[in-house]
There are 2 protein chains.
Amino acid sequence: MRIGDLAEKSGLSTDTLRYYEKIGLLPRPLRDGGGRRVYDATILRWIDFLDRLKSTGMGIKDRLRYADLRTKGEASLTERRKLLEAHRGKVAGDIARLTEMLDVLDDKIDRYRRMEAGETVDPAFESCARTEHGAPPSKEAPKHEHRPGARPRADAET
Amino acid sequence: MRIGDLAEKSGLSTDTLRYYEKIGLLPRPLRDGGGRRVYDATILRWIDFLDRLKSTGMGIKDRLRYADLRTKGEASLTERRKLLEAHRGKVAGDIARLTEMLDVLDDKIDRYRRMEAGETVDPAFESCARTEHGAPPSKEAPKHEHRPGARPRADAET
DNA sequence: GTACCGGTTGGAGTGCACTCCAGGTCAAGC
DNA sequence: GCTTGACCTGGAGTGCACTCCAACCGGTAC
């Protein structure tokens with residue numbers, strides 16, 4: 001299989017495949033007589049998994065780290081597991097956040113719909129509120145921290 | 001409230017707040033005698049919602065579009081709703097993808113753990129394979145079914 | 001034998017979303 | 001009056017993840 005075929009099968013562009021090889025995400029393939037890359041179909045499994053990691057929010061650095069560990073064989077099992085466990089945690093958190101947002105959106109969409117129908121709708125009461133002013137942001141920006149205790153608050157963001 | 005206070009309360013940096021104002025995500029605030037921005041606390045609702053949109057994967061362009069519609073008042077209700085509905089679809093899709101990944105990860109983590117314990121584990125047989133784009137949404141993957149030799153897709157990505 | 005297609009390389013360019021900086025103003029505290 | 005610290009502006013710089021490009025090469029079809 002040459003790079004064009006792999007591109008088609010994997011859904012990545014040839015440029016991206018070469019880029020991934022350059023940074024080390026993909027192993028260096030064999031070359032044919034004319035110096036062209038020749039791939040084994042098994043590479044598709046790996047590309048698929050990489051793609052999954054990416055599409056669930058793992059950045060290139062961590063994917064690179066995982067790829068690097070993978071080349072080290074059995075010795076890296078524990079580290080690889082830990083990396084995946086960390087990612088699992090992130091994914092679970094993302095699911096929680098997204099699920100919460102689904103409610104917020106449904107609420108808001110519903111209110112919009114009622115307003116479009118001419119109904120008088122009380123000021124948005126959900127959704128946009130996250131931090132209750134009591135919790136001090138504690139200086140260090142708690143980046144993507146999610147507060148499960150967030151309560152709805154009167155809201156003027158229509 | 002001045003920009004420093006708002007930064008602390010919103011979790012955004014003053015630079016980011018000014019940047020958001022520059023591109024139009026935030027309305028231009030009033031200024032005090034010395035030309036400094038003075039904010040009303042209600043802006044926090046809006047920032048919170050923007051932040052939620054962002055953290056659920058809405059890019060700056062769409063947030064900008066929404067912000068722009070918002071300034072147009074009632075006339076833009078329908079368009080705003082459509083935008084949110086589109087985002088809702090995206091969020092629902094993301095949840096599905098992430099949830100699927102959770103299974104993949106659990107499977108893989110489990111196998112790693114067994115391998116670490118010295119168990120002989122059959123070649124990774126799951127996970128990395130996605131529905132090859134030959135079989136469309138045959139989605140119902142046999143989730144937690146332990147298949148001792150089902151598909152011809154033995155996989156070397158350990 | 002030449003047109004064409006698909007491949008090769010290194011390097012430059014893109015879009016997003018900030019983040020940082022220089023050089024300045026303003027208000028309050030000592 | 002002077003220092004300090006928060007704030008102002010415009011613009012440059014950063015990191016990620018590609019994406020595009022020029023210039024070239026090798027194999028096949030006509």
Side-chain angles (χ1 to χ4, degrees), chain A residues 1-40 43 46-68 87 90 137 139-144, chain B residues 1-40 43 46-68 87 90 94:
Chain A
M1 192 167 37
R2 293 196 318 213
I3 200 168
D5 309 310
L6 183 58
E8 204 181 334
K9 284 187 183 156
S10 68
L12 301 176
S13 69
T14 57
D15 273 325
T16 301
L17 288 170
R18 280 188 286 256
Y19 166 69
Y20 278 3
E21 180 187 327
K22 187 161 77 179
I23 64 170
L25 269 187
L26 296 181
R28 302 223 174 109
L30 299 170
R31 303 294 181 119
D32 68 9
R36 291 174 301 195
R37 293 165 176 83
V38 178
Y39 295 94
D40 183 317
I43 194 77
W46 175 231
I47 291 176
D48 254 8
F49 187 61
L50 279 177
D51 205 37
R52 247 181 211 284
L53 287 175
K54 178 191 162 187
S55 83
T56 54
M58 186 184 280
I60 244 180
K61 272 183 188 164
D62 281 339
R63 274 179 284 157
L64 210 42
R65 170 117 189 84
Y66 186 77
D68 186 52
H87 188 55
K90 203 186 154 301
K139 296 189 123 183
E140 304 309 322
K143 271 288 172 177
H144 287 294
Chain B
M1 189 167 40
R2 294 195 317 216
I3 201 169
D5 308 311
L6 183 58
E8 204 180 334
K9 283 186 183 157
S10 68
L12 300 176
S13 70
T14 58
D15 274 323
T16 301
L17 288 170
R18 279 188 286 256
Y19 166 69
Y20 279 2
E21 180 187 329
K22 188 161 77 182
I23 64 170
L25 270 187
L26 297 180
R28 301 226 174 107
L30 300 169
R31 303 292 182 120
D32 68 9
R36 292 174 301 194
R37 293 166 175 84
V38 177
Y39 295 95
D40 183 317
I43 193 76
W46 174 232
I47 292 176
D48 255 7
F49 187 60
L50 280 177
D51 205 37
R52 248 180 209 284
L53 287 175
K54 177 191 161 188
S55 83
T56 54
M58 187 184 280
I60 244 180
K61 272 183 188 162
D62 281 338
R63 275 178 284 157
L64 209 42
R65 172 118 188 83
Y66 186 78
D68 186 53
H87 188 55
K90 204 187 151 301
D94 285 349

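Just so we're on the same page: letters track the sequence lines, and every chain starts at 1. Everything quoted here is computed from the prediction, not taken from an experiment.
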>> Looking only at the side chain of A:Thr16 (C-beta and beyond, no hydrogens), which of the listed nucleotides C:dT19, D:dT19, C:dG7 gets closest?
In response: D:dT19

> If you check the B:Asp15 side chain, which of C:dC21, C:dC18, D:dC7 turns out closest?
Replying inline: C:dC21

Could you check how far [atom1] of [X] sits from [atom2] of [N], rounded to whole Å?
X	N	atom1	atom2	answer
A:Leu53	D:dA17	CG	P	12 Å
B:Lys61	C:dG15	NZ	C1'	7 Å
B:Tyr19	C:dC21	OH	C1'	18 Å
A:Met58	D:dA17	CE	P	11 Å
B:Ile23	D:dG10	CD1	P	16 Å
B:Ile3	C:dT19	CD1	C1'	14 Å
A:Leu64	D:dC16	CG	C1'	13 Å
B:Leu6	D:dC7	CG	C1'	14 Å

Measuring to OP1 and OP2 of [N], would you say a side-chain N or O of [X] lies under 4.0 angstrom away?
X	N	answer
A:Lys54	D:dA17	no
A:Arg31	D:dC25	no
A:Arg2	D:dG26	no
A:Arg37	C:dT9	yes

> Ion pair present between B:Asp5 and B:Lys9, side-chain N to carboxylate O less than 4.0 angstrom?
Replying inline: no

>> Taking the nucleotide of DNA chain D with the nearest heavy atom to each, does B:Lys22 or B:Val38 sit closer to the 5' end?
In response: B:Val38

> Taking for each residue the nucleotide of DNA chain D bearing the nearest heavy atom, is the 5' side occupied by A:Tyr20 or by A:Arg36?
Replying inline: A:Tyr20

> For A:Gly33, which contact category applies under a 4.0 Å heavy-atom criterion: base, sugar-phosphate, or nothing?
Replying inline: nothing

> Heavy-atom count around A:Arg28 CZ within 6.0 Å, excluding the residue itself: above 12?
Replying inline: no

> Do A:Pro27 and A:Trp46 touch side chain to side chain, with heavy atoms closer than 4.5 Å?
Replying inline: yes

> Do B:Arg31 and B:Arg36 come within less than 4.5 Å of each other through their side chains, counting heavy atoms only?
Replying inline: no

> Does A:Gly34 or B:Arg18 map to a spot on DNA chain C nearer the 5' end, using the closest nucleotide for each?
Replying inline: A:Gly34

> For B:Asp40, which residues count as a side chain to side chain donor-acceptor pair (under 3.5 Å) partner, sequence neighbours excluded?
Replying inline: B:Thr42

